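Quick note on labels: first sequence line is chain A, next is B, and so on, each numbered from 1. Predicted, not measured: the structure shown is a model, and the values here were computed from it.
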Amino acid sequence: MTDYNYSEIEKKWRKKWEEDKVFEAKEQQEGEKYYCLVMLPYPSGDLHMGHVRNYGIGDVFARFHKMKGKNVLHPIGWDAFGLPAENAAIKNKIHPAKWTKQNIVRMREQLKVLGISYDWSREFATCNPEYYRWNQWFFIKMWERGLVFRKRANVNWCPSCNTVLANEQVSNGLCWRCDSRTEHRDLEQWFIKITDYADELLEKHKQLSGWPEQVLSMQKDWIGKSFGAEIEFALTGTGEKLKIFTTRPDTLFGATFVVVAPEHKIIGEIKPRIMNYNEVAEYVAESGRKSNIERASCKEKTGIRLEGVNAINPVNGKEIPIFTADYVLTGYGTGAIMAVPAHDQRDWEFAKKYNIPIVEVIRGNDSCGITQSVDENAYEDEGVLVNSEQFNGIKSIEAFGVISEWIEKQGFGKKTINFKLKDWLISRRRYWGTPIPMVHCKICGTVPVPEKDLPVMLPEDVEFTGEGESPLKSSEAFVNVKCPKCGMDAERETDTMDTFVDSSWYYARYCDARNSNMAFDAVKANYWMPVDQYVGGIEHACMHLIYSRFWHKVMRDLGIVKHDEPFINLLTQGMVTLGGRVMSKSKGNIVSPDEIIGKYGADTARLFVLFASPPQKQLDWSMEGVEGCWRFINRIWRLFDVVHKKSDIPASEKNKNDILKIMHQTIKKVTIDIEKEFQFNTAISSIMEFVNALYAYKYHSNDGGASVEAYKTVVLLMSPFTPHICEEIWEMLGHRGYISTYPWPAFDESMMKQSSIEIPVQINGKLRGKIMISTGTDEDEIKKIIETNEKIAPQLKDKKIEKFIYVKDKIITISVK
RNA sequence: GGGCGGAUGGCGGAACAGGCAGACGCACAGGACUUAAAAUCCUGAGACUCGCAAGAGUCGUGAGGGUUCGAUUCCCUCUCUGCCCACCA
């Protein structure tokens with residue numbers, strides 16, 4: 001037999017798969033549909049190990065289900081818009097389109113070398129007008145439905161990327177991409193009203209039982225639904241109303257001051273009556289200069305009283321001071337709170353600092369039954385109302401409802417629900433994105449581009465300086481248009497869309513990727529959708545995975561998809577690290593897939609990333625581990641000779657049956673591990689055990705083909721992991737068709753039954769011996785065996801047996817005295 | 001501060017509706033093959049103690065308690081650690 005020439009074998013089978021269109025998906029095919037989706041890559045330039053892992057995992061699902069007889073859709077494409085292309089343009093004077101295209105060409109080659117079972121006929125890049133025109137179309141549809149709006153807003157601005165960032169793109173006050181400190185700016189921005197779907201996004205978590213708990217909980221946090229009340233406090237003097245939001249209406253009688261965010265408009269409105277306005281204005285300006293991170297990281301809360309104006313607590317008519325402080329956020333609730341220092345730690349600290357009275361209104365006990373005082377700290381738990389007039393004695397948990405309703409009846413407030421989720425800021429002052437299809441007309445206002453004029457093409461004649469205004473402003477031909485409504489001179493919108501728009505519906509486009517008349521055909525989309533298995537990184541838990549769930553619901557409401565949720569099952573794979581640290585260019589610890597594939601072949605590279613760690617966990621790269629996988633693949637290769645070698649020693653019935661038994665056990669284990677457990681590492685180790693058993697089984701001259709049958713099974717079981725070599729061996733075994741389309745082996749429980757087994761015997765909890773028994777032996781029989789067992793019996797001599805526990809075919813436990 | 005995970009040999013990791021801890025792989029050691037090495041095939045191995053040896057015993061899943069005939073698995077307390085969210089009223 002020849003040596004294992006991975007390079008030739010892999011090339012050969014990739015070519016054949018492509019020529020015979022083995023993985024092209026068709027709607028009319030038989031079998032239940034199975035849509036396997038991997039998060040589409042950003043064409044950054046090079047494939048990295050994270051990609052190999054992500055796509056290797058996806059390929060196991062796709063190939064396994066194909067062999068299981070499902071009609072599989074396994075597409076790939078490119079998330080091709082984005083900042084790096086534009087940064088490259090600025091830095092290297094290369095057009096973003098060209099840079100992106102080059103990268104796609106290179107990465108496509110790298111990806112193809114991995115032999116993933118993609119349907120390449122559906123490939124697309126989101127930067128092509130054939131794709132992004134539908135972004136524009138969706139945008140207009142949302143505009144028509146009132147889901148798109150424009151407002152002046154205080155936005156996150158990254159001075160380094162020179163662009164606006166969504167809230168989700170700022171982490172700890174730093175830009176998600178370049179880690180620069182972000183600032184605040186007031187700009188006219190486009191938003192999508194994702195908040196209209198906040199409730200449903202939370203509610204429909206119920207349908208996502210196939211998602212990791214962790215992701216659901218992160219999303220729940222992100223959406224941040226909380227119940228409370230809005231209450232109006234009148235101001236002294238003119239009696240204006242200040243609306244506050246609280247989640248603790250039960251503590252209303254304990255409100256001893258009111259705090260408004262520094263950005264709150266009331267400050268401007270009552271300016272003439274604020275006696276210390278200059279100082280207040282200074283505080284407001286100072287807060288504005290601070291980033292969110294600085295505000296949040298302040299150990300001690302700061303604020304300033306608005307002298308000369310007080311608020312009136314509507315329940316008791318008491319006048320209480322008004323402060324502005326930057327621990328109150330302008331973007332949440334109403335941007336104003338009633339402060340209850342006795343029962344909120346932040347308010348408590350603030351009250352102590354500024355010498356404001358602390359009034360206890362909830363009295364509760366701790367776990368030891370000791371009544372909690374509010375002298376040392378705020379008491380934030382449940383209790384019974386005190387100092388609350390007619391509500392005294394009511395449990396705080398009930399008072400929430402009682403007081404809310406009373407407030408409503410009295411007409412100075414109402415129950416409300418608040419979300420942390422904010423509307424999605426989608427405009428970017430950048431070039432390399434989808435142009436927002438809007439025209440600003442002096443007469444007609446903001447007018448959408450008519451559908452027939454889509455796509456609004458990105459202009460070519462744009463300079464990339466990386467500074468100042470939106471790059472699209474520099475193209476006169478782009479900017480100057482006629483108003484679609486009145487025909488007069490007008491200006492085009494020059495902002496482009498956030499690239500998360502692109503990835504919010506790409507999965508639906510794959511269902512009908514070449515359609516030039518619509519985003520996709522609803523019938524085709526409804527055939528393939530929803531995605532049966534989605535695979536990607538956990539870092540997308542809150543951004544991409546919320547946006548696309550939202551987008552899908554909008555598409556449903558537009559009547560073009562029928563399901564509520566786009567992704568039924570989600571697998572979030574762990575990171576690939578080296579020495580425990582994330583592989584990155586800046587740290588210089590990259591292991592290139594090219595290098596590994598060149599040295600060992602794609603099958604080895606794939607096997608390693610699947611074997612070294614369970615898919616969800618972090619995977620630490622190890623060259624030695626790769627060697628081990630390489631050895632195992634070679635071992636499978638050589639097994640061909642081993643099982644075909646003639647031997648003079650006849651196979652015994654027992655040996656033969658043992659091999660068949662292990663074979664069926666292995667099929668079962670691998671099937672369950674892939675299908676239900678997502679544990680590819682243990683699936684592979686059980687195949688290794690099977691292979692080891694076959695090596696140990698040397699008597700096969702007359703075993704009726706059992707060893708060859710077993711070998712065939714090894715290859716079938718390995719084929720989702722290492723498809724190239726398996727196709728080659730499959731051919732060597734005399735098969736004509738592809739192993740990739742051959743039915744997955746079935747297992748037979750009756751073949752696994754063992755006639756006799758060895759079970760442990762414990763005495764007083766310690767292992768004292770083992771006995772061979774026939775399966776299904778009953779307890780009386782077992783006792784007899786124990787009594788005569790030369791090893792166990794002496795240990796029981798002269799002892800009183802207190803308990804005799806026999807778990808059938810598992811264990812014997814005896815407790816003695 | 002809040003939420004969710006995790007902690008098992010020299011290493012990656014198995015085993016949990018409570019039932020032989022350490023599967024499989026790596027690294028390591030020994031043997032076979034070879035002039036030799038590599039490769040390959042086979043064998044061994046948690047730690048400690050006793051024994052020339054076959055073997056015997058004790059301890060062992062982050063720490064300490066508990067439930068149980070029996071706990072890596074369940075409960076309580078604690079330590080460390082990862083990720084996510086973080087002044088959300």
Practice prompt. For Val259(A), answer base if it contacts any base atom (sugar-phosphate contacts may also be present), sugar-phosphate if it contacts only those atoms, and nothing otherwise; contact means non-hydrogen atoms under 4.0 Å.
Written response: nothing

Worksheet entry | Options C24(B), A89(B), C42(B), nucleotide nearest the side-chain atoms of Tyr695(A) | C42(B)

Discussion item. Could you walk me through whether Asp809(A) and Thr775(A) satisfy the side-chain hydrogen bond (donor to acceptor under 3.5 Å, both in side chains) test, starting with their C-alpha distance in whole Å, then the side-chain angles of each, then the deciding distance to 0.1 Å, before giving a yes or no?
Written reply: CA-CA 6 Å; Asp809(A) 297 342; Thr775(A) 44; 5.3 Å; no

Item to complete: Determine the Euclidean distance between corresponding C1' atoms of U8(B) and G1(B); express it in Å to zero decimal places.
Response: 32 Å

Discussion item. Let's go through Gln345(A) and Asn377(A) carefully: what are the C-alpha distance in whole Å and the side-chain angles of both, what is the deciding distance for side-chain contact (heavy atoms from CB on, under 4.5 Å) to 0.1 Å, and is it a yes or a no?
Written reply: CA-CA 7 Å; Gln345(A) 189 58 27; Asn377(A) 270 306; 2.9 Å; yes

Discussion item. Without decimals, in angstroms, what is the distance between Met623(A) CE and G12(B) C1'?
Written reply: 15 Å

Item to complete: Considering only atom C1', compute the distance from C48(B) to C24(B) and round it to an integer number of Å.
Response: 27 Å

Discussion item. What contact category does Asn681(A) fall into here, base, sugar-phosphate, or nothing, at under 4.0 angstrom with non-hydrogen atoms?
Written reply: sugar-phosphate

Fill in: Matching residue for Cys629(A) among Phe721(A), Phe611(A), Tyr600(A) - test: side chain to side chain contact (heavy atoms under 4.5 Å, CB included)
Phe611(A)

Discussion item. So Lys770(A), base contact, sugar-phosphate only, or nothing? Heavy-atom distance under 4.0 Å.
Written reply: base

Item to complete: Could you measure between the two C1' atoms, the one in A53(B) and the one in C16(B), and give it in whole Å?
Response: 39 Å

Fill in: Atom-to-atom span, CH2 of Trp621(A) to P of G25(B) - whole angstrom
19 Å

Worksheet item: Hey, is G55(B) sitting syn or anti, using the within-90° cutoff around 0?
Response: anti

Worksheet item: Which part of the nucleic acid, if any, lies within contact of Gly333(A), taking any heavy atom under 4.0 Å across all strands shown: a base, the sugar-phosphate backbone alone, or nothing?
Response: nothing

Worksheet item: So which nucleotide from A89(B), C24(B), U40(B) ends up closest to the side chain of Arg638(A)?
Response: U40(B)

Discussion item. From C-beta outward on Ser217(A), which listed nucleotide comes closest to its side chain: G25(B), A89(B), G3(B)?
Written reply: G3(B)

Discussion item. G57(B), OP1 or OP2 - any side-chain N/O from Arg768(A) closer than 4.0 Å?
Written reply: yes

Worksheet, complete the sentence: Residue pair Asp620(A)/Ile812(A) against RNA chain B: nearer the 5' end by closest nucleotide is Asp620(A)

Item to complete: For nucleotides A47(B) and G22(B), find the distance between their C1' atoms and express it as a whole number of Å.
Response: 13 Å

Worksheet item: Any side-chain heavy-atom pair from Glu230(A) and Lys415(A) closer than 4.5 angstrom?
Response: no

Worksheet item: With rounding to whole Å, what would you report as the distance between U68(B) and G82(B) at their C1' atoms?
Response: 33 Å

Item to complete: Any chance you could lay out the side-chain contact (heavy atoms from CB on, under 4.5 Å) test for Val260(A) and Thr324(A), step after step, and finish with the verdict?
Response: CA-CA 5 Å; Val260(A) 299; Thr324(A) 182; 3.9 Å; yes

Worksheet item: With a non-hydrogen cut-off below 4.0 angstrom, is Asn692(A) in contact with a base, only sugar-phosphate, or nothing?
Response: sugar-phosphate

Practice prompt. Indicate, yes or no, whether a donor-acceptor pair under 3.5 Å links the base of G19(B) to the side chain of Thr813(A).
Written response: yes

Worksheet item: For the ring pair Trp621(A) and Phe608(A), is the centre-to-centre distance below 6.0 Å?
Response: yes

Worksheet entry | Protein-nucleotide distance (Lys617(A), atom NZ; A14(B), atom C1'), rounded to Å | 11 Å

Worksheet entry | Pair Ile358(A)-Thr256(A), side-chain contact (heavy atoms from CB on, under 4.5 Å): steps then yes or no | CA-CA 7 Å; Ile358(A) 295 170; Thr256(A) 53; 6.0 Å; no

Worksheet item: Distance between the P atoms of A71(B) and A38(B), in whole angstroms?
Response: 47 Å

Discussion item. Counting neighbours of CD on Glu758(A) that are heavy atoms of other residues, nucleotides or ligands and sit closer than 6.0 Å, is the number greater than 12?
Written reply: yes

Worksheet entry | Closest-nucleotide ordering on RNA chain B, the 5'-leading residue of Lys810(A) and Gly224(A) | Lys810(A)

Worksheet, complete the sentence: The nucleotide from C26(B), G13(B), A15(B) with an atom nearest the side chain of Glu624(A) is C26(B)

Worksheet item: So what does Glu627(A) hit on the nucleic acid, given a heavy-atom distance under 4.0 Å: a base, only sugar-phosphate, or nothing?
Response: nothing

Practice prompt. May I have the distance from Asp641(A) (atom CG) to C41(B) (atom C1'), rounded to whole angstrom?
Written response: 14 Å

Practice prompt. Please determine if a side-chain N or O atom of Tyr327(A) lies less than 4.0 Å away from the OP1 or OP2 oxygen of A89(B).
Written response: no

Worksheet item: Is any side-chain nitrogen or oxygen of Arg635(A) closer than 4.0 Å to OP1 or OP2 of C24(B)?
Response: no

Worksheet item: Hey, does Glu758(A) reach any base, or is it just sugar-phosphate, or nothing, if we go heavy atoms under 4.0 Å?
Response: base

Worksheet item: P atom, G18(B) versus A23(B): distance in rounded Å?
Response: 23 Å

Worksheet item: Roughly, in whole Å, what's the span from CD1 in Ile771(A) to P in C20(B)?
Response: 15 Å

Worksheet entry | Phe804(A) six-ring face occupied by Lys783(A) cation (under 6.0 Å, within 45°) | yes

Practice prompt. Nearest whole angstrom, please: distance from the P of G1(B) to the CD of Glu380(A).
Written response: 13 Å

Fill in: Base-pair map of RNA chain B as dot-bracket, where | denotes pairing with a different strand and pairs are Watson-Crick or G-U under 3.5 Å
(((((((..(((......[....))).(((((.......))))).(((((....)))))..(((((..]....))))))))))))....

Item to complete: Choose from A14(B), G25(B), A89(B) the nucleotide whose nearest atom is closest to any side-chain atom of Gln679(A).
Response: A14(B)

Worksheet item: Any idea which of A86(B), C69(B), A89(B) is nearest the Trp222(A) side chain?
Response: A86(B)

Worksheet item: Can you tell me how far P of U40(B) sits from CZ of Phe632(A), to the nearest Å?
Response: 14 Å

Worksheet entry | Basic-acidic side-chain contact under 4.0 Å: Asp641(A), Arg638(A) | no

Discussion item. Between Ser613(A) and Arg53(A), is there a side-chain heavy-atom distance shorter than 4.5 Å?
Written reply: yes

Practice prompt. Give one of base, sugar-phosphate or nothing for Gln762(A), where a contact means two heavy atoms less than 4.0 Å apart.
Written response: base

Practice prompt. Rounded to whole angstrom, note down the P distance from C85(B) over to A45(B).
Written response: 48 Å

Worksheet, complete the sentence: Phe350(A) atom CZ is separated from A89(B) atom P, nearest whole Å, by 18 Å

Discussion item. So Lys420(A), base contact, sugar-phosphate only, or nothing? Heavy-atom distance under 4.0 Å.
Written reply: base

